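Just so it is clear, the structure is predicted and the values come from calculations on it, not from any experiment. For the numbers below, each heavy atom of this structure counts, side chains included, while hydrogens, waters and symmetry mates do not. Just so you know, ligand 1 is whichever comes first in the structure, and atom 1 is the first atom listed for that ligand.
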Amino acid sequence: MMEGAVDVVVVGGGIVGCSIAMELTARGVFKDVILMEKGPFLGDGTSTRNSYVIHAGIYYPRDSWKAKFCVAGNRALYAFCGRYGIPCVNTGKVILAFSAAEMPILERLRRQGELNGAEGLTLIDARATRQREPSIRAAGALLAPSTGVFDVAQWFRVVEGLLYEQGAMVLKNTPVVGLESMAEGIRVATGTRGEVPARFVVNAAGLHADDVGNLLGNRFRIYPIRGDYFTIGGKKAGLVHGAVYPPPGELGLGIHLTRLWDGTLLVGPDARRVERKDDYGPLPVFDADGNLDYESADFQRFFAPVKRYFPAVEAADLHLAHCGIRPSLLPPGEKGFRDFRIEWDRSDGRVLHLLGIDSPGLTASPAIAEHVADLLAERAG
Ligand SMILES: Cc1cc2nc3c(=O)[nH]c(=O)nc-3n(C[C@H](O)[C@H](O)[C@H](O)COP(=O)(O)OP(=O)(O)OC[C@H]3O[C@@H](n4cnc5c(N)ncnc54)[C@H](O)[C@@H]3O)c2cc1C
C-alpha cells in the first residue's frame, strides 16, 4: 500500500470520522490523513439512519461532553450547512406535556437545557402550543427554538468533496482488521489494501468502535439499541410545522414527529435492544398479502402514542421507513445517562478511541472533531 508512517489514520467514515478528517486537514498540522471506511460509501453506518435532527442540547447533564458538544455543534452545523448550501431548516421543537402534572418535567428540562447553554427555551401554555402547532393536542410545552433538521446525505456528498480538496486520502471498502503497536507507529492492517504504519490512529468506528478498540486487547463493549421509523407525506404531513416530542422515555426520546426539509414527516424512532449490530431487517408489520397490518403490535407501538397528541392522523397515513442502531454504552438492565467516551488507549497512547457516540452524535460531530484535533495536536507536540 504505502511506505513509511502516515500521520493519522481515522477509522470509520461516519459523520464523526469525516468531521475529524476534515478538521485535521483544515488545520494543516498533519500532512497525511487517511480515512478508512469499511463500507462502499461514506455514511454507510448510523449517520444516515437517524432523525437528522440538529438538537438544542436539553437532555444531558450539565458539563457532560454530550451537553457541551451538542450546544457547540448545533451552531457549527447550521453555519456549515448555510456555507455549503446543504438543505437545513431551523424548525424549532416542542416537547409536550399531556397534563398540568407533567409541566414540572418540562420545567426541569428547561432548567437543565438553560444550564447547558441551549438558546431560547420557553415554557408555553396549551393556547400557545396550539398557535404554534394547531393539529397537536397538549396541556403545554417546552419550546426549543434552536432545534432543526439537515440533509445528512447531502452533507456527506459535500464533505467527501472537501476531504479530497483538503488533501485527505479517503479509502472506501477498506475495513480495518488489525492494529499492532510498534516502535515506529501503529501498524494498521486492512482487509482489502494491505497495511500501513501510522503515527496516530483515531477509532471512530461507531457501532464497531469496541471491535476496533479490542484489536489492541481492550475489552470495550457497545450495546446496540435499534430505532425504527414510519413516514407521513402529503397534506397530513403539512399539518405539523416543526419537531413534536412527547416527554422523554427511559431508552429514547419517545415516539416523536420530525418535519424534514422536504416537507415529509418522520414518525419515531422507538428504542429497543437488539442482539446484532446489523439487524436492519424490516419490522414484522406486514400481513400475508404484504399489506401493513394496522393491528400488529409493532405498528401500534408507533401509531397509538402519536394518535394521542396528533388526533388527525390515521393508520393509513403511516408508511414503514428506515431504522438505525444506536451504539450505546448502557448495559441491559441498567438505567441512566452514559456520556461519550473519548480516551487514549491504555496500552498505546497514540490511539484515540471514541466510544458510545450515540445521540446527539450527529449534532455534536463538529465539536467532537475540534476536541479530537486539539488532543492530537497536543500529543504530537
Ligand atoms: C435511531 C437513531 C436516531 C438518531 N437521531 C439523531 C438525531 O436526530 N440527531 C443527532 O444528533 N444524533 C442522532 N442519532 C445519533 C447519531 O446518528 C450518531 O451519534 C452518529 O451518527 C454517530 O456517528 P459515527 O460517525 O460515530 O458513527 P457511524 O455513522 O456508525 O460511522 C462509523 C463508521 O465506521 C465504519 N466502520 C466500522 N467498523 C469499521 C472498521 N473495522 N474499519 C473501517 N470502518 C469501519 C462503519 O461502516 C461506519 O460507516 C441517532 C441515532 C439513531 C440510531
Side-chain angles (χ1 to χ4, degrees), residues 9-21 34-57 59-60 66 69-70 73-74 77 93 147-150 152 155-156 159 170-179 188-193 201-215 222 224-229 243 245 251-253 255-256 258 260 266 268-272 274 277-280 321-328 340 342 353-369 372:
V9 166
V10 179
V11 186
I15 197 162
V16 173
C18 288
S19 300
I20 291 168
I34 304 186
L35 179 68
M36 295 183 179
E37 165 54 45
K38 78 175 165 116
F41 53 87
L42 300 181
D44 196 21
T46 306
S47 293
T48 49
R49 304 165 196 256
N50 52 60
S51 308
Y52 324 123
V53 171
I54 303 178
H55 285 297
Y59 299 98
Y60 326 104
K66 284 187 177 177
F69 292 154
C70 184
N74 172 298
L77 258 184
K93 151 172 160 177
T147 301
V149 287
F150 74 115
V152 180
W155 184 96
F156 275 102
V159 165
V170 178
L171 302 179
K172 291 172 269 188
N173 291 308
T174 306
V176 169
V177 295
L179 293 176
V188 181
T190 73
T192 48
R193 293 172 186 259
V201 171
V202 178
N203 168 12
L207 271 169
H208 296 277
D210 54 350
D211 304 323
V212 170
N214 295 348
L215 294 171
I222 282 170
I225 297 180
R226 171 170 161 159
D228 281 82
Y229 295 88
Y245 284 52
L251 278 182
L253 301 182
I255 304 285
H256 48 270
T258 306
L260 299 184
L266 281 183
D270 61 345
R272 70 196 162 88
V274 286
K277 294 173 177 173
D278 61 350
D279 184 358
Y280 291 123
H322 61 288
C323 68
I325 301 182
R326 303 167 176 86
S328 177
F340 297 149
I342 300 176
H353 301 291
L354 285 86
L355 300 158
I357 313 295
D358 51 7
S359 196
L362 219 53
T363 314
S365 56
I368 293 176
V372 167

Can you tell me which portion of [X] lies within the under-4.0 Å heavy-atom range of ligand 1? Options are side chain, backbone, both, or neither.
X    : answer
A204 : backbone
Y229 : side chain
D358 : backbone
I325 : backbone

Report, one line per pair, each donor and acceptor closer than 3.5 Å where one atom sits in a side chain of residues 357-369; sequence neighbours left out.
{"unit_1": "D358", "atom_1": "OD1", "unit_2": "K66", "atom_2": "NZ", "d": "2.7"}
{"unit_1": "T363", "atom_1": "OG1", "unit_2": "V53", "atom_2": "O", "d": "3.2"}
{"unit_1": "T363", "atom_1": "OG1", "unit_2": "H55", "atom_2": "N", "d": "3.0"}
{"unit_1": "S365", "atom_1": "OG", "unit_2": "L362", "atom_2": "O", "d": "2.7"}

Kindly indicate whether the side chain of [X], heavy atoms from C-beta on, has any atom under 4.5 Å from the side chain of [Y].
X    : Y    : answer
Y280 : I325 : yes
L42  : K172 : yes
L171 : L35  : no

Distance from [atom] to nearest protein heavy atom, with residue and atom:
atom                    : answer
atom 4 (C) of ligand 1  : N50 CB, 3.1 Å
atom 30 (O) of ligand 1 : T46 N, 3.0 Å
atom 40 (C) of ligand 1 : V176 N, 3.7 Å
atom 9 (N) of ligand 1  : V53 O, 2.8 Å
atom 16 (C) of ligand 1 : L362 N, 3.8 Å
atom 19 (O) of ligand 1 : I357 O, 2.8 Å
atom 26 (O) of ligand 1 : V16 CG2, 3.4 Å
atom 39 (C) of ligand 1 : K38 CD, 3.7 Å

Of the choices [options], which has the non-hydrogen atom that lies closest to [atom]?
atom                    : options              : value
atom 14 (N) of ligand 1 : P224, S359, A364     : S359
atom 23 (O) of ligand 1 : G268, S47, G14, S328 : S47
atom 35 (C) of ligand 1 : E37, R226, M36, K277 : E37

Do [X] and ligand 1 have an N or O pair less than 3.5 Å apart?
X    : answer
P269 : no
G206 : no
R49  : no
G227 : no

Side chain of [X], backbone of [Y]: donor and acceptor closer than 3.5 Å?
X    : Y    : result
T48  : G43  : yes
S328 : I225 : no
S19  : I15  : yes

For ligand 1, is there an atom lying under 4.0 Å from some heavy atom of T174?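 Judged by the 4.0 Å heavy-atom criterion, T174 does count as contacting ligand 1.
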Run the salt-bridge test on D211 and K277 with the 4.0 Å N-O cut-off and return the result as yes or no.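 K277 and D211: salt-bridged.
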Salt bridge check: are R272 and D228 linked by an N-O gap of less than 4.0 Å?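 Yes, charged N to carboxylate O under 4.0 Å.
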Tell me, please, which residues at least two apart from Y229 pass ring-ring contact (aromatic ring centres under 6.0 Å, His included).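 For Y229 the ring-ring contact (aromatic ring centres under 6.0 Å, His included) partners, ignoring immediate neighbours, are H322.
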